[in-house]
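Step one of this worksheet: look at the structure below.
Numbers for residues simply follow the sequence, beginning at 1. One-based numbering, in listed order, for ligands and for the atoms of each. Only heavy atoms go into these numbers, but all of them, side chains included; no hydrogens, no water, no symmetry mates.
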Amino acid sequence: MTASKKRVAILISGGGSNMVALAQSMQGDHPGRPCLVLSNDPNAGGLSKAADMGIATASVDHKPFGKDRAAFEAALIDVLDQHQPDVVCLAGFMRILTDGFTGHYAGRMLNIHPSLLPKYKGLNTHQRALDAGDDVAGCSVHEVTAELDGGPILGQARVAILPGENADDLAARILPFEHQLYPEVLRKYLSGNREMTVLGA
Ligand code: GRF
């Protein structure tokens, strides 16, 4: 890792397709380099993908901590900070984080959420857009604050909803836009550029 590059840690819970897109983008003149891929699930498929890309990996299984979110987050922070990240990217990370964690990384943590925020914070976003009869859906990259899915929005990709499609179809059509949006936003963010990125319809 050359000294001038920003160190980017990526948190995942599953397949890590957004992590792969981010890691693949951090090459050449990109101002960032991945320093760690960390999962709350030791069996997350994304961990082996990261290892195959030569990226350091770790996991902190949330299950032994039960309802003690603070203890789980303290363990996450302990592992994360050993790798001295300048920025933390949540990418398909499916644990709710308390303000203890979001405060520790305040001003240097991003998340991708599969809706056009501020609409549909939380889960089942595509089904909720379909149920509402929306004609457009998409994804958002935002700065992480104490409010779940509530921080300043840095980028959005808009995808027209097709007649008759279901939530899985819609999610599959939006995912490639996530893989384009998140790297574009991260590159700008690391360069200190917080201008909104808008992709798609
Ligand atoms: C994606 O839809 C992402 O928006 C959501 O989790 C899904 C899977 O992400 N947060 P990934 O393939 O693990 O990056």
So which protein heavy atom does [atom] come closest to, and at what separation?
atom	value
atom 12 (O) of ligand 1	S17 OG, 2.6 Å
atom 8 (C) of ligand 1	G92 CA, 4.6 Å
atom 14 (O) of ligand 1	N18 N, 2.8 Å
atom 13 (O) of ligand 1	G16 N, 3.0 Å

May I ask you to test the [X]-[Y] pair for a side-chain heavy-atom distance under 4.5 Å?
X	Y	value
N111	F93	no
L186	L22	yes
Q84	D81	no

Salt bridge (charged side-chain N to carboxylate O under 4.0 Å, His left out), that's the test. Do D29 and R187 meet it? Break it down for me.
CA-CA 10 Å; D29 68 348; R187 175 189 273 266; 3.2 Å; yes

So which of H113, M19, E178, H179 gets nearest to atom 2 (O) of ligand 1, if we judge by its closest heavy atom?
E178

Hey, mind stepping through K6 and V87 against side chain to side chain contact (heavy atoms under 4.5 Å, CB included) and telling me if it holds?
CA-CA 7 Å; K6 300 279 189 188; V87 170; 5.5 Å; no

